[in-house]
Amino acid sequence: MQEIQITRTAQPKEKPADESKLGFGNIFTDHMFIMEYHEGQGWHAPRIEPYHPIALEPSAMVFHYAQEMFEGMKAYHTEDGRVLLFRPERNIARAANTCERLCIPPVPQEDFMNALKTLISVDKDWIPTQPGTSLYIRPFIIATDSHLGVHPSHSYLFMIILSPSGAYYAGGLDPVKIWIEDDYVRAVRGGIGEAKAGGNYAASLKAQVKGEKEGYAQVLWLDGVERRYIEEVGSMNIFFKIGGKVVTPALNGSILPGVTRATCLDLCRAWGMDAEERRVSVEELVAAARDGSLEECWGSGTAAVISPVGTLRYGDEVMEIAGGGIGPVSQKLYDTVTGIQTGKFPDEFGWTVEVK
Ligand SMILES: *Cc1c(COP(=O)(O)O)cnc(C)c1O
């Protein structure tokens, strides 16, 4: 493991006074982590520096061909003053898979973990403490070669920035309305849908804007070939409870393998529920909504943890689920996952990692 050089800021910023106004991704802490890759040298020079802008050549490859990856995770303050990460080894392993797909040299896993822990420890005072708040962690890698030929870059920057974020649900869990998109697609099998890459989000914006115009918070994607099978939501995986069984689309190469998705499956199975990973067609959903067997629907992702879906719209079909409210499994998953993340519930599965 490489030693991280730490340079502390001489001018600490003022911390946000009102944690209820934090929002998401708006403000950044005093420090950032940065590490470089050059061919022949590997990943080197890990350091923590005051948060600052970076200078890049206009010809840097990331700007032209989007050779970029990212991760998203959170650190939580417990009531007894500890700081916990939630299943960080899963994010680190997923980052390695994303890097592999995008021809980016992966950061050694122990250096990645050490970078996370050290940076969070340096900026510990920035972790908000109100219920529902957390410190959002954004690791990312960009290609930095000054070159316009299409080829994997020979140099990269790995950075981690931190953003205190507010409670996702200010007044308790709140069901969302979701638009099932049958024109635009996000990803196809063989593409980069299962990689956490900025490029996937660039491809998603058009449909997101369309859905928002119709009054829907997020878009639910169908498969890129037949536009018939359910894939996932903007930045969340999707779950249904149909006829007593929990169902989520199987990971098929174009769906992002969410850590929260895995956690929902693990918990439902531990609770003795049937939890299936399989293909789910939109016709099956419409039929289940009509005959009343579509009992619940929720999205899963780091930002919202669990996001109950009250309404699904497919063409002219408007499906109201759980009476437009919050189903019991959604609520129990939310309470359990956030309970473990914040140390209120015992961590029976060994999912949390303390940052000292
Ligand atoms: C990050 C992400 C998710 C959720 O993954 P988590 O690890 O649960 O946060 C789902 N879909 C997409 C497209 C994502 O980028």
Side-chain angles (χ1 to χ4, degrees), residues 24-25 66 68-76 85-99 101-102 112 116 134-141 160 163 165 168 176 178-181 184-189 191-208 211 217-224 229-239 248-268 275 277 297-309 330 333-334 336-338 340-341 349 351-353:
F24 176 76
E68 182 267 359
M69 63 78 64
F70 70 95
E71 267 301 325
M73 52 210 294
K74 283 175 167 179
Y76 306 86
L85 293 170
F86 185 72
R87 309 187 88 174
E89 69 290 344
R90 292 225 161 207
N91 295 87
I92 293 172
R94 181 171 68 192
N97 291 336
T98 299
C99 284
R101 180 63 182 80
L102 296 173
F112 199 136
L116 286 172
S134 58
L135 184 71
Y136 186 77
I137 305 162
R138 171 54 58 85
F140 63 107
I141 301 176
I160 307 175
S163 178
S165 46
Y168 197 90
V176 290
I178 290 204
W179 173 270
I180 303 181
E181 174 58 42
Y184 299 110
V185 300
R186 186 190 89 100
V188 290
R189 197 152 60 88
I192 60 167
E194 65 182 351
K196 212 164 172 77
N200 286 322
Y201 280 82
S204 78
L205 296 174
K206 188 89 180 163
Q208 174 71 24
Q218 296 226 33
V219 168
L220 176 62
W221 300 102
L222 299 176
D223 76 277
Y229 297 100
I230 306 292
E231 298 244 304
E232 61 175 308
V233 187
S235 56
M236 296 190 290
N237 295 108
I238 191 90
F239 282 82
T248 192
L251 299 177
N252 60 356
S254 52
I255 295 173
L256 198 287
V259 177
T260 323
R261 175 186 181 277
T263 302
C264 288
L265 287 169
D266 290 343
L267 284 173
C268 287
E277 297 170 80
C297 177
W298 67 88
S300 70
T302 296
V305 186
I306 299 294
S307 186
V309 178
S330 315
L333 281 168
Y334 180 78
T336 308
V337 178
T338 55
I340 295 171
Q341 285 169 337
F349 301 90
W351 283 340
T352 59
V353 171

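Below, all heavy atoms of this structure are taken into account, side chains as well, without hydrogens, waters or symmetry copies. Just so you know, ligand 1 is whichever comes first in the structure, and atom 1 is the first atom listed for that ligand.
For ligand 1, the atoms sitting less than 4.0 Å from at least one non-hydrogen atom of Gly258 are 5 (O), 6 (P), 7 (O), 8 (O), numbered in the order shown with element in parentheses. The ligand atoms of ligand 1 that sit less than 4.0 angstrom from a heavy atom of Tyr201 are 12 (C), 13 (C), 14 (C), 15 (O).
Note: Tyr334 and Tyr168 fail the aromatic proximity criterion, with ring centroids not under 6.0 Å apart.
For ligand 1, the polar-atom distance check against Arg261 finds no nitrogen or oxygen pair separated by under 3.5 Å. Residue-to-ligand polar distances place Val259 within reach of ligand 1: an N/O pair is separated by less than 3.5 Å. An N or O contact shorter than 3.5 Å is missing between Asn91 and ligand 1 by distance. The N/O atoms of Thr260, backbone and side chain alike, include one that comes under 3.5 Å of an N/O atom in ligand 1.
Heavy atoms of Ser204 stay at 4.0 angstrom or farther from ligand 1. At least one heavy atom of Ser235 sits less than 4.0 Å from an atom of ligand 1.
In terms of protein heavy atoms, atom 9 (O) of ligand 1 is closest to Thr302 OG1, 2.6 Å.
Atoms CH2 and CD1, from Trp298 and Ile238 in turn, are 9.5 Å apart once rounded to the nearest 0.5 Å. In this structure, Ile141 CD1 and Phe70 CZ are separated by 12.5 Å, a value rounded to the nearest 0.5 Å.
For the pair Glu181 (side chain) and Ala207 (backbone), a donor-acceptor distance under 3.5 Å is absent. For Lys196 (side chain) and Thr98 (main-chain N/O), no donor-acceptor pair under 3.5 Å exists by modelled atom type. Judged purely by atom type and a 3.5 angstrom limit, Asn200 uses its side chain to pair as donor or acceptor with the backbone of Ile192.
Other residues, nucleotides and ligands place more than 12 heavy atoms under 6.0 Å from the CZ atom of Arg138.
Ring geometry for Phe86 versus Trp351: interplanar angle over 60°, hence perpendicular rather than tilted (30 to 60°).
Across Arg90, Arg94, Glu232, Lys196, heavy-atom proximity to atom 1 (C) of ligand 1 is greatest for Lys196.
No part of Glu194 comes within 4.0 Å of ligand 1, judged by heavy-atom distances.
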